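Working notes, structure below.
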Number of protein chains: 2
Amino acid sequence: MESIISDDSRTLADRVFTRLQDDIVRGALLPGTKLGEAELASRYGVSRGPLREAIRRLESRKLLERIPHVGTRVASLSLGDLIEIYHIREALEGMAARLAATHMTDAEIRSLIELLALHEQQQDLREDVAYFQREGDLDFHYRIIQGSHNGTLIDMLIGGIYHMVRMYRYQFSTVANRPQRALQEHRRIAEALESRDAEMAEILMRRHISRARQNIEAQHGLGDAAVTPAASLSSTDRLSPETKQGPGPVEQSK
Amino acid sequence: MESIISDDSRTLADRVFTRLQDDIVRGALLPGTKLGEAELASRYGVSRGPLREAIRRLESRKLLERIPHVGTRVASLSLGDLIEIYHIREALEGMAARLAATHMTDAEIRSLIELLALHEQQQDLREDVAYFQREGDLDFHYRIIQGSHNGTLIDMLIGGIYHMVRMYRYQFSTVANRPQRALQEHRRIAEALESRDAEMAEILMRRHISRARQNIEAQHGLGDAAVTPAASLSSTDRLSPETKQGPGPVEQSK
DNA sequence: GGATCGCTTATTGTCGACAATCTTGCCGGG
DNA sequence: CCCGGCAAGATTGTCGACAATAAGCGATCC
């Protein structure tokens, strides 16, 4: 948790890939921002060659949107995209919970339950800090995903989906608005895992994520239409990628 | 279905990406093959710049394995990898079927049923041609995936998972060994979709894929241990990428 | 005789420059 | 006054060359 900055990857392309991904996911680069190659290259201190390789990889991960001969911009998730992602999470994490019920080690389950107890404590103490709740929620889900012991599934979820979820969170400043309810659901999922009930674990996880999705739908269905507040697809904001390291809405990292 | 060869993408990098992906997926480049950049570049008639961008993208899609400063080789799926992928397919395509039951248009469902009838006819006529059966199986699944109308899910399945499934098929020369059974299951899935029964469609699709996985597990569990027949990870076969356009075991393309 | 160290060679990683394409502002015509 | 075409500028796409790293090979020492 200390050597986050100095990513001593073997190649420059890998390093700039990691740094750019971090900047996108943690919201330092706002969705919709136009990314000029020359400027990015100079900012990260590399040539355009490695930079373009990093861009192509981020493009594969749906974190960047590129139009040939035009340019690259930070992917801007619509509400519809988020709903789609939650359907995928429901299916994938449901399966992860099912597999975890069988494949998790006793130590992993014990550790998960301890983490859950910690969250319940924090829940009692600080009701205001939504940030830690959300972060704790992610931790819980991460552990179950890892517990599936399915490498492909883990990579797809951790390396793909969750980056988008995090990015969306910063984009819309999502706050957990049903913390005790979610915590209760976590508790029941953990119990199912503890009793090695694969069927139950999957059902509970699916309901957990499905409810979160319905919550989002309801919230944005009657609240407002605050879709894509960062930047639309107009071409007038060409020279506005100056949101790089600036003090974003939430700058504190993990 | 005619202009498959001339991919008139806007950039060379995109074109070489498509061509390389095709060569990998259709088995022209065998898993484990070492890919030298210089040779690949000259083969596709491009410089190493665009080629490397294509390689990074294929690497993101798990079709290539790269080691910094060492080289790139065609990804070699183990049996364990395939099992993992089938678990993911079960979850994802189950959800696709669920969504398709709600979101498919009447025309799409009608077309799907016609396709199914065609497959049942072919089934009666030619029992030997396993190739067409497999291809038909994929067609059926493709349509339901598209029917989900979930763009992210479609891209994840069609653009990601299915390339690996196809690649594996060429690698192990998989033959459908339960064609009438599978066709029956397709029929019941189609019926569930026709009656707009989302719950049933998901259950049936999951059972369909789960059975296929169990079939693979049983087949390879008692059959033999023909794992990774192409090339191991030894470093002695450095200069053997000459399996490019050679007559592979199955050369006929769609 | 075998193993290890060092050198040669080949391959990958990176860079700067040139070419192709798009954007944009301006000018003229309707 | 508005619309379309045209030229200048900027940005992306592509290339060839150089630098850095790893693999292969031979010589030398134990």
Side-chain angles (χ1 to χ4, degrees), chain A residues 7-20 29 32-60 63-75 231-242 244, chain B residues 7-20 29 32-60 63-75 231-242 244:
Chain A
D7 182 358
D8 54 346
S9 293
R10 302 303 294 264
T11 71
L12 278 182
D14 289 337
R15 246 172 298 179
V16 66
F17 167 78
T18 303
R19 289 186 57 186
L20 228 186
L29 291 170
T33 317
K34 171 79 156 52
L35 300 180
E37 293 184 1
E39 189 206 328
L40 270 189
S42 72
R43 185 194 307 175
Y44 293 115
V46 298
S47 166
R48 279 179 54 216
L51 174 72
R52 283 175 62 88
E53 292 181 19
I55 288 177
R56 294 318 262 268
R57 284 211 275 167
L58 268 345
E59 183 195 356
S60 282
L63 292 180
L64 291 180
E65 297 170 350
R66 197 182 64 84
I67 301 175
H69 294 285
V70 173
T72 309
R73 49 183 57 207
V74 180
S232 62
L233 286 175
S234 69
S235 57
T236 56
D237 52 0
R238 268 187 58 250
L239 287 171
S240 63
E242 308 306 339
K244 45 181 180 181
Chain B
D7 183 357
D8 55 345
S9 294
R10 302 301 297 265
T11 72
L12 278 181
D14 290 336
R15 247 173 297 181
V16 68
F17 167 79
T18 303
R19 289 187 57 185
L20 229 186
L29 291 169
T33 314
K34 171 78 154 55
L35 298 181
E37 294 183 1
E39 188 207 328
L40 270 189
S42 72
R43 187 194 305 175
Y44 293 116
V46 298
S47 165
R48 279 179 54 218
L51 174 72
R52 283 174 63 88
E53 293 181 18
I55 287 177
R56 294 318 262 268
R57 285 211 276 167
L58 267 344
E59 183 195 356
S60 282
L63 293 180
L64 291 180
E65 296 170 351
R66 197 182 63 84
I67 302 174
H69 292 285
V70 174
T72 309
R73 50 182 57 209
V74 180
S232 63
L233 286 175
S234 69
S235 57
T236 56
D237 52 0
R238 266 188 57 252
L239 290 172
S240 62
E242 309 306 340
K244 44 181 182 181

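Everything numeric in this text was worked out from a predicted model, so none of it was measured. The sequence lines fix the lettering, A, B, ..., with proteins before strands; numbering per chain opens at 1. Just the heavy atoms: all of them, side chains too, but no hydrogens, waters or symmetry mates, feed the values below.
For B:Ala54, the side-chain contact (heavy atoms from CB on, under 4.5 Å) test picks out B:Val16, B:Phe17, with sequence neighbours left out. Legend: residues meeting side-chain contact (heavy atoms from CB on, under 4.5 Å) with B:Ser42, ordered by chain and number and at least two apart, are absent. With sequence neighbours left out, the side-chain contact (heavy atoms from CB on, under 4.5 Å) criterion links A:Ser47 to A:Pro50. The salt bridge (Lys or Arg N to Asp or Glu O under 4.0 Å) check on A:Arg15 picks up nothing, with sequence neighbours excluded.
Between the B:Arg10 side chain and the A:Pro68 main chain, no donor and acceptor come within less than 3.5 Å of each other. Put simply, the side chain of A:Arg73 gets close to the backbone of A:Gly32: a donor and an acceptor are under 3.5 Å apart.
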Distances under 3.5 Å between nitrogen or oxygen atoms of protein and nucleotides 6-8 of chain C:
none

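Annotation: the span from B:Lys34 atom NZ to B:Leu29 atom CG amounts to 13.0 Å, rounded to 0.5 Å. Remark: A:Ser60 OG to B:Glu59 CD distance equals 10.0 Å, nearest 0.5 Å. Annotation: the span from B:Arg57 atom CZ to A:Glu53 atom CD amounts to 12.5 Å, rounded to 0.5 Å.
A side-chain contact (heavy atoms from CB on, under 4.5 Å) with B:Leu40 is found for exactly one of B:Leu51, B:Thr72, B:Val46, namely B:Leu51.
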Take nucleotides 12-21 of chain C nucleotide by nucleotide from the 5' end and write B, S or -, depending on whether a protein heavy atom sits under 4.0 Å from the base, only from the sugar-phosphate, or from neither. BBBB-B---S
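Taken together, the paired segments of DNA chain C that extend over three or more consecutive Watson-Crick or G-U pairs, each closer than 3.5 Å at both contacts, are C:1-30 with D:1-30.
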